[in-house]
Amino acid sequence: MIGDRIGNSNLTQNYELIQKGVRYLYTKSEFFNMNLGYTESERAYEVLTVAQNQFDETFSIGANWKFFENLDVGLYGRYTEQEFPDINREQERTEYGLRASYRISKSLYTQFSAQKVDQKGSLLFDNYDGLNYSISLTYTLGNN
């Protein structure tokens, strides 16, 4: 994956994003797959009065199991380093989690996820350590 994109993060900051990455996907059968990945990105903000470039490096790993016809369970881990050289700021973030989804019908499914996040940075508000949970119920219209 190699890309170059121009975007807008809000109404006052335009940026150019350049990403490079590689991902390996291993599929044992329709019931198990595993992936490894590495991505680096560079974001250059165009409109700010003070330059604020951002460099990210991310390593990721994940595995997914399909149990029965309607139940999927997945595990993942991700480590990201961010650097903002123009404002002398650095940040490290480690995440790992579990996701389970169950298809109730063709149009209705539910998903549960739990995620442990540990983030450390050079600024006080960069530091975060927590456990996040989510439960969702999704209905899809027009699904045959």
Side-chain angles (χ1 to χ4, degrees), residues 1-48 50-140 143:
M1 147 178 90
I2 296 176
D4 189 356
R5 178 179 83 167
I6 300 213
N8 187 333
S9 59
N10 63 38
L11 294 177
T12 61
Q13 297 178 355
N14 293 315
Y15 63 87
E16 179 180 16
L17 175 64
I18 299 171
Q19 287 185 311
K20 296 177 268 185
V22 63
R23 180 160 308 278
Y24 172 75
L25 176 64
Y26 170 76
T27 302
K28 175 73 174 169
S29 68
E30 66 180 289
F31 300 107
F32 175 75
N33 66 58
M34 187 174 120
N35 66 76
L36 299 168
Y38 171 78
T39 305
E40 60 181 52
S41 64
E42 178 181 344
R43 186 179 307 227
Y45 290 91
E46 302 294 332
V47 179
L48 292 176
V50 177
Q52 185 176 331
N53 295 312
Q54 176 180 338
F55 303 98
D56 297 353
E57 211 173 11
T58 302
F59 300 92
S60 62
I61 186 169
N64 194 64
W65 293 267
K66 184 172 186 173
F67 297 102
F68 313 112
E69 181 65 24
N70 298 334
L71 177 64
D72 286 355
V73 175
L75 298 170
Y76 77 93
R78 185 178 314 137
Y79 174 76
T80 302
E81 289 182 358
Q82 291 184 314
E83 182 182 344
F84 305 85
D86 303 314
I87 58 173
N88 198 24
R89 179 178 171 198
E90 293 181 356
Q91 187 174 296
E92 292 181 9
R93 181 179 177 103
T94 305
E95 305 171 44
Y96 53 91
L98 164 72
R99 179 199 53 79
S101 64
Y102 182 76
R103 182 163 297 281
I104 299 166
S105 70
K106 284 186 175 184
S107 299
L108 185 65
Y109 72 93
T110 185
Q111 185 170 340
F112 168 79
S113 66
Q115 175 186 52
K116 174 73 171 122
V117 177
D118 184 17
Q119 180 174 294
K120 297 189 182 345
S122 53
L123 300 178
L124 182 61
F125 61 81
D126 283 339
N127 298 306
Y128 172 78
D129 184 12
L131 187 57
N132 304 323
Y133 297 97
S134 71
I135 298 174
S136 66
L137 183 64
T138 303
Y139 181 76
T140 306
N143 197 3

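Residue numbers start at 1 and run along the sequence shown.
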#### Entry: CG-CD distance between Asp56 and Gln82, expressed to the nearest 0.5 angstrom
4.5 Å
Could you go through residues 131-138 and list every donor-acceptor pair under 3.5 Å that involves a side-chain atom there, pairing it with any protein atom two or more places apart or in another chain?
unit_1, atom_1, unit_2, atom_2, d
Asn132, OD1, Tyr128, OH, 3.0
Asn132, ND2, Gln115, OE1, 3.4
Ser134, OG, Ser113, OG, 2.6

### Summary
Residues at least two apart in sequence or cross-chain that pass side-chain contact (heavy atoms from CB on, under 4.5 Å) with Phe68, listed by chain then number, are Leu71
### Query
Mind checking what makes salt bridge (charged side-chain N to carboxylate O under 4.0 Å, His left out) contact with Lys120, not counting sequence neighbours?
Asp118
### Message
Could you work out, with ring pair (Phe, Tyr, Trp, His ring centres under 6.0 Å) as the rule, every residue matching Phe31, not counting sequence neighbours?
### Response
none
### Task
Check salt bridge (charged side-chain N to carboxylate O under 4.0 Å, His left out) between Glu90 and all other residues, then give those that pass, not counting sequence neighbours.
none
#### Entry: Separation of Phe112 CZ from Leu98 CG (nearest 0.5 Å)
6.5 Å
### Message
Let me confirm one number: the NZ-OG distance from Lys66 to Ser29, rounded to the nearest 0.5 Å.
### Response
10.0 Å
### Message
Just to verify, what does Phe32 make a side-chain contact (heavy atoms from CB on, under 4.5 Å) with, not counting sequence neighbours?
### Response
Tyr26, Lys28, Met34, Ala63, Trp65
### Query
How many angstroms lie between CD in Gln91 and CG in Asn127, if you round to the nearest 0.5 Å?
8.5 Å
### Query
Residues in salt bridge (charged side-chain N to carboxylate O under 4.0 Å, His left out) with Arg99, at least two apart?
none
### Message
Taking ring pair (Phe, Tyr, Trp, His ring centres under 6.0 Å) as the definition, give me every residue that meets it alongside Tyr102, ordered by chain and number, with sequence neighbours left out.
### Response
none
### Message
I need the full list of salt bridge (Lys or Arg N to Asp or Glu O under 4.0 Å) pairs touching residues 74-84, with sequence neighbours left out, sorted by first then second residue.
### Response
Arg78-Glu95
### Task
I would like to know whether Asn53 and Glu42 meet side-chain contact (heavy atoms from CB on, under 4.5 Å); could you show each step before the answer?
CA-CA 7 Å; Asn53 295 312; Glu42 178 181 344; 5.8 Å; no
#### Entry: Heavy-atom pair of closest approach, residues Tyr38 and Glu57
OH-OE2, 2.7 Å
### Whether over 12 other heavy atoms sit under 6.0 Å from Tyr79 OH
yes
### Message
Checking Thr110 now: which residues fulfil side chain to side chain donor-acceptor pair (under 3.5 Å) with it, not counting sequence neighbours?
### Response
none
### Message
Would you say CZ of Phe55 has more than 12 non-hydrogen atoms from neighbouring residues, nucleotides or ligands within 6.0 angstrom?
### Response
yes
### Message
What verdict does the side-chain contact (heavy atoms from CB on, under 4.5 Å) test give for Ser122 and Asn88, after you've listed the backbone C-alpha separation in whole Å, the side-chain angles of each residue and the deciding distance to 0.1 Å?
### Response
CA-CA 8 Å; Ser122 53; Asn88 198 24; over 6 Å; no
### Message
With salt bridge (Lys or Arg N to Asp or Glu O under 4.0 Å) as the rule and sequence neighbours excluded, what pairs involving residues 124-133 come up?
### Response
Arg89-Asp126, Lys116-Asp129
### Summary
Residues at least two apart in sequence or cross-chain that pass salt bridge (charged side-chain N to carboxylate O under 4.0 Å, His left out) with Arg23, listed by chain then number, are none
## Note on the structure
So CG of Leu25 and CG of Asn35: to nearest 0.5 Å the spacing works out to 6.0 Å
